[in-house]
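Report on the structure given below.
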2 protein chains.
Amino acid sequence: TSSESPVVSVQQTANAVQNMVKYGFPSTDNLRSYEDFMLSYDRRTRVPNWVLEHLTPEKVTAKEGVERSKMQFVEDVSVHVYHRATNKDYLKSGYDRGHMAAAANHRQSQNAMAQTFTLSNIAPQVGEGFNRDVWNNLEKYVRALARKNKNVYVCTGPLFLPQYEPNGKLYVKYEVIGQNHVAVPTHFFKVVVVENNTGQLELQSYVMPNQVLPPDIKVHHYLAPLDMIERAAGLNFFQNIPKETFHKVNSPPKIKS
Amino acid sequence: TSSESPVVSVQQTANAVQNMVKYGFPSTDNLRSYEDFMLSYDRRTRVPNWVLEHLTPEKVTAKEGVERSKMQFVEDVSVHVYHRATNKDYLKSGYDRGHMAAAANHRQSQNAMAQTFTLSNIAPQVGEGFNRDVWNNLEKYVRALARKNKNVYVCTGPLFLPQYEPNGKLYVKYEVIGQNHVAVPTHFFKVVVVENNTGQLELQSYVMPNQVLPPDIKVHHYLAPLDMIERAAGLNFFQNIPKETFHKVNSPPKIKS
Ligand SMILES: [Mg+2]
Ligand SMILES: [Mg+2]
């Protein structure tokens, strides 16, 4: 569990954070740094604004003794009780506790993986057909990228997208669950920067609706323009990288997904 | 207009900010400090998270040459264009550009008042029956408090409150206006700390729905528990004041409203 003493030094954590934010902070509100990912927590919606990871071939390789089956979801006691999501909020809500930083991205230590089960890294996701299926496929695809490249930077988070109603006006509408009114995002984004073994940078950005999705659909069906995500999320991603630096932007995949 | 050179020194501004945050920051995201108020801007909703003011008898006293009629609403060019509200967003939306820090609270200088017309201090409000009526009455009442007391601290902002739908579930729903999807809050809060001339502290906290309200209703009809506002807004107000310090909390008014 996450109450185990960390197995990394302060210097290692500082290095990890430095790697994660190498290309900039999406925002600076309510930051939390963990052993192998960091996030900004939205106290109003009780889900993260964004979660940032730096992946390498080593980090996504299974290590003996680091097993997901041993993990438990834990509340983030660093968040004021007024603004904290609890396990009870999710209970019988019909939604999964969906990881933003995926557990299987952090296989270097029991502690690193356990920290991904902190509820500040979690948002309500449709289970079957989404979290356990198409969204999971996207996470697996990102890990495949991490295995075959030098560095992969991933920023993941919720979106609350508006829709037109019959009166011709646009409305944002989302369910809130539990006593603490945890917001159920309408969509999720994942923005991925890949640095390949020759140092070239590639950008891929995805938006998926938080719904049951067709089981055989390719994840690349959900590629979406970066600026659309930045506008809707109220964030700027990897802003230290001039856009013209990218070798490829949202181009078809080479790795089978 | 706000492009006039400021009439206050850096030291005066620093003092003003120090007074405003004497009792704590509601949050620390996207802070902006002006001559006589400060705010946290929500880049996702394009309205402030909160706006904080420190009022004194002097500040709310009319000064020759400082006139609202000379003012124009201006965009906040310090906000990225992806996340910035514009005058065009409000045009023909049916909503007023509603001040969070009220213009008439800042009568010490043309510059101080002009800055309240920055769109980062603005949110869409129902005009007749709300912004121009009952909400305006609340602002007048707060100025009456400021005239009769040593110090008044005011924190104002939007709320997006959930409602039950026929399926028994809770949903947050709000309109967004213009090309930049400026969010129309369902409610607004105003949290007021009054320090009277003997140094006693009083707290008053209000929530009003962003709707046409009954014209003769007393503003104190809208007193609401502080913790309800803190939970819904994702904020903590004046947290440097221990709750037991307050002489009065949401008790009936002495000044006629
Ligand atoms: Mg998952
Ligand atoms: Mg007004």
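- With sequence neighbours excluded, the residues that form a side chain to side chain contact (heavy atoms under 4.5 Å, CB included) with A:Val249 are A:Leu203, A:Phe246.
- Interface remark: A:Ile177 contributes no atoms to any contact with chain B (heavy atom separation under 4.5 Å).
- B:Ala232 meets the side chain to side chain contact (heavy atoms under 4.5 Å, CB included) test with B:Leu159, B:Leu161; sequence neighbours excluded.
- In terms of heavy-atom pairs under 4.5 Å with chain B, the best-connected choice from A:Val172, A:Val81, A:Leu170 is A:Val172.
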Below 3.5 Å only, please: all the donor-acceptor pairs between chain A and chain B, one per line.
unit_1: A:Pro26; atom_1: O; unit_2: B:Arg43; atom_2: NH2; d: 2.8
unit_1: A:Asp42; atom_1: OD2; unit_2: B:Arg44; atom_2: NH2; d: 2.7
unit_1: A:Arg43; atom_1: NE; unit_2: B:Gly234; atom_2: O; d: 3.2
unit_1: A:Arg43; atom_1: NH1; unit_2: B:Asn236; atom_2: OD1; d: 3.2
unit_1: A:Arg43; atom_1: NH2; unit_2: B:Pro26; atom_2: O; d: 2.8
unit_1: A:Arg43; atom_1: NH2; unit_2: B:Gly234; atom_2: O; d: 3.4
unit_1: A:Arg44; atom_1: NH2; unit_2: B:Asp42; atom_2: OD2; d: 2.7
unit_1: A:Arg46; atom_1: NH1; unit_2: B:Arg231; atom_2: O; d: 2.9
unit_1: A:Arg46; atom_1: NH2; unit_2: B:Arg231; atom_2: O; d: 2.8
unit_1: A:His83; atom_1: NE2; unit_2: B:Glu230; atom_2: O; d: 2.8
unit_1: A:His83; atom_1: NE2; unit_2: B:Leu235; atom_2: N; d: 3.3
unit_1: A:His83; atom_1: NE2; unit_2: B:Leu235; atom_2: O; d: 3.3
unit_1: A:Glu165; atom_1: OE1; unit_2: B:Lys173; atom_2: NZ; d: 3.1
unit_1: A:Glu165; atom_1: OE2; unit_2: B:Lys173; atom_2: NZ; d: 3.2
unit_1: A:Leu170; atom_1: O; unit_2: B:Val176; atom_2: N; d: 3.0
unit_1: A:Val172; atom_1: N; unit_2: B:Tyr174; atom_2: O; d: 2.8
unit_1: A:Val172; atom_1: O; unit_2: B:Tyr174; atom_2: N; d: 2.9
unit_1: A:Lys173; atom_1: NZ; unit_2: B:Glu165; atom_2: OE1; d: 3.1
unit_1: A:Lys173; atom_1: NZ; unit_2: B:Glu165; atom_2: OE2; d: 3.2
unit_1: A:Tyr174; atom_1: N; unit_2: B:Val172; atom_2: O; d: 2.9
unit_1: A:Tyr174; atom_1: O; unit_2: B:Val172; atom_2: N; d: 2.8
unit_1: A:Val176; atom_1: N; unit_2: B:Leu170; atom_2: O; d: 3.0
unit_1: A:Glu230; atom_1: O; unit_2: B:His83; atom_2: NE2; d: 2.8
unit_1: A:Arg231; atom_1: O; unit_2: B:Arg46; atom_2: NH1; d: 2.9
unit_1: A:Arg231; atom_1: O; unit_2: B:Arg46; atom_2: NH2; d: 2.8
unit_1: A:Gly234; atom_1: O; unit_2: B:Arg43; atom_2: NE; d: 3.2
unit_1: A:Gly234; atom_1: O; unit_2: B:Arg43; atom_2: NH2; d: 3.4
unit_1: A:Leu235; atom_1: N; unit_2: B:His83; atom_2: NE2; d: 3.3
unit_1: A:Leu235; atom_1: O; unit_2: B:His83; atom_2: NE2; d: 3.3
unit_1: A:Asn236; atom_1: OD1; unit_2: B:Arg43; atom_2: NH1; d: 3.2

